[in-house]
Amino acid sequence: MNLLYQSTRDANEVVTASQAILKGLASNGGLFVPKELPKLDISLEVMATMDYQKVAFEVMKLFFTDFSEDELKACINAAYDDKFDTKEIAPIKKADGVYYLELFHGSTIAFKDMALSILPHLLTTAAKKNNIKDEIVILTATSGDTGKAALAGFADVPGTKIIVFYPKDGVSPIQEKQMVTQKGANTSVIGIRGNFDDAQSGVKAMFNNKELAKKMSDNGYCFSSANSINIGRLVPQVVYYVYSYCRLLHNQEIKKGEEINVVVPTGNFGNILAAYYAKALGVPIKKLICASNENKVLYDFFTTGKYDKNREFILTNSPSMDILISSNLERLIYTIAGQNAEINSKLMKSLADNGCYEITPEMKNGLKDFIGGYATETETAKAIKRVFDDADYVIDTHTGVAASVYYDYKAASRDTTKTLIVSTASPFKFGRSVMDALQKGNDTMDDFEIADELSKVSKVPVPKAVDEIRTAPVLHKTVCEKDQMQATVEKILDLK
């Protein structure tokens, strides 16, 4: 079967998988979704005997049908190699009665590595398949982790440039240092005076700017995206949900066909949407528990059916979730609207014009597998300390949000279903907040001294990703106003 992709805002825009990866965003601002979600064609019991790379192939071949077996395997093997500090790629740790899926063993110690290690290979392969001669410019907004993972993935990849925008005062010191010290002749990092939503809106505006597209083409460039709006980012995330279920099966933690709950800390909704796609593939997932921080726009949506970004933007110590416009939610809205592009377009126009939209009761019925929850800063810190005190296991602030939401959900629902909590970042990436939660922080220490103390407390070595930026020189110093993003890009590319 050749699986095609269509725009969430125009049913007539239909492309192949490789074209969807290349374009990133559909012509009218929509996102590409599969015309139908495939099903696994091999049993989970058989997949339970496979390593990560083989599971990745079995999942991705269903979505990327215009890639040959050799092409797809080459992309997978180039991505999931010794860049990861464990052969398992995504190990599972049992702590305090739940399973933590550790997605931070890649080169930038955050879950974005899982997809951004393979995206450059998918993208360059797709370019060859479609006879693209222009240089591909990866244009990305980041709330902290995507930026570094994308930079690391695309650094010095022939035929590409990468430009990353981040909120200057909206990421952790370690996140910022990781980005601004990034090497690579084709890399550019720009801080904006604004928040992540400003950065994301600015990037989307450039993608949708026809005049800019012509100017880019005239100069031998074309845009693509490394954000989770790109289907080449989303599909690799589906893999680790399938793999984690198979690992639990292999380790006899669950029985054949046994359902599990999945708790995902998310702001942009891509990570939990990948779990939803895994469920559609045939993975027995019971509840998809969407964990938000104090920017609880998703919690409010799942509770009321109304999405409303008209609220205060709160800077928290889980900055990768400090988001009020959850881009990937559009893919779910399109699905529960019966894949009706017209309905979806009206809702997205309302979001753009009024900052809000409300779904129908019938559409809300399509959300029955989802549970929304949120945690305050205080509740997050308590959860981090509880897991450490009870299980001698240290989690980061984003995973702390998920743990807090899970504790609340279990207490309220009495649901004893075995549960997988997605651990999205190493605690070393947010060391100061983690140490404060453990009541072992010290205001006089710098971030690297904090990392050393955290290593002693957690009995885990300081990751290479933190060690290597201790003395690394700052290579990217550009800061711009949010309304100067396009001008900055034109300057970087020297557009005539």
Side-chain angles (χ1 to χ4, degrees), residues 81-86 102-113 116-117 120 138 140 142-157 161-193 226 315 317-320 394-398 424-438 440-480 492:
D81 56 9
D82 58 10
K83 290 190 291 293
F84 290 81
D85 63 20
T86 169
E102 294 187 346
L103 299 179
F104 52 77
H105 290 274
S107 56
T108 75
I109 58 174
F111 83 102
K112 305 296 174 74
D113 289 322
L116 284 164
S117 293
I138 303 299
T140 292
T142 184
S143 56
D145 289 334
T146 287
K148 172 59 182 178
L151 288 160
F154 281 94
D156 292 324
V157 170
K161 292 185 185 296
I162 177 164
I163 302 171
V164 171
F165 288 95
Y166 74 96
K168 181 72 182 82
D169 299 313
V171 299
S172 80
I174 294 288
Q175 285 177 314
E176 182 172 44
K177 189 82 185 285
Q178 280 188 307
M179 287 188 283
V180 298
T181 58
Q182 176 66 51
K183 297 176 184 175
N186 65 336
T187 64
S188 299
V189 181
I190 302 104
I192 70 158
R193 296 185 181 94
L315 292 174
N317 60 18
S318 46
S320 297
V394 180
I395 57 177
D396 89 296
T397 47
H398 303 74
T424 53
S426 164
F428 288 90
K429 202 151 194 173
F430 306 94
R432 189 175 298 279
S433 296
V434 170
M435 289 293 278
D436 285 345
L438 298 178
K440 299 177 186 295
N442 190 320
D443 291 341
T444 64
M445 293 182 183
D446 66 28
D447 288 288
F448 296 102
E449 289 169 332
I450 285 281
D452 292 332
E453 284 301 305
L454 180 55
S455 177
K456 292 175 189 174
V457 169
S458 64
K459 305 179 189 69
V460 174
V462 176
K464 180 183 173 185
V466 174
D467 255 342
E468 66 187 9
I469 60 171
R470 284 179 191 263
T471 56
V474 172
L475 303 176
H476 304 275
K477 299 176 182 177
T478 303
V479 178
C480 76
I492 288 168

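Positions are given from 1, in the same order as the sequence printed here.
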Please report the closest heavy-atom contact between [X] and [Y], naming both atoms and the distance.
X      : Y      : value
Gln178 : Ile109 : NE2-CG1, 4.3 Å
Phe165 : Cys480 : CE2-SG, 4.3 Å
Ala150 : Leu116 : N-CD1, 3.5 Å
Gln182 : Ala155 : NE2-CB, 3.6 Å
Ala465 : Glu468 : O-CG, 3.7 Å

So, Asp145 and Ser320: side-chain donor and acceptor under 3.5 Å apart, yes or no?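 Ser320 and Asp145 do have a side-chain donor-acceptor pair below 3.5 Å.
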Exercise. Starting from the C-alpha separation in whole Å, work towards a yes-or-no answer on side chain to side chain contact (heavy atoms under 4.5 Å, CB included) for Ile492 and Ile190.
Key: CA-CA 11 Å; Ile492 288 168; Ile190 302 104; 3.6 Å; yes
Rounded to the nearest 0.5 angstrom, the CD-OG distance for Glu453 and Ser458 is 10.5 Å
Worksheet item: Taking it one step at a time, do Asp447 and Lys177 satisfy salt bridge (charged side-chain N to carboxylate O under 4.0 Å, His left out)?
Response: CA-CA 11 Å; Asp447 288 288; Lys177 189 82 185 285; over 6 Å; no
Would you say the side chain of [Y] lies within less than 4.5 Å of the side chain of [X], judging by non-hydrogen atoms?
X      : Y      : answer
Ser426 : Glu102 : no
Gln175 : Lys429 : yes
Asp467 : Phe448 : no

Does atom CG (Asp81) have a neighbourhood of more than 12 heavy atoms from anything else shown, all under 6.0 Å?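 Counting other residues, nucleotides and ligands, CG of Asp81 exceeds 12 neighbours.
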*asked:* Can you confirm whether Asp156 is buried at CG, in the sense that more than 12 heavy atoms of other residues, nucleotides or ligands lie under 6.0 Å from that atom?
replied: yes
### Query
Does any N or O in the side chain of Ser455 come within less than 3.5 Å of the main-chain N or O of Val460, such that one atom is a donor and the other an acceptor?
yes
Self-check item: Asn317 side chain to Phe430 backbone, donor-acceptor under 3.5 Å
Solution: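 Checked: no pair found.
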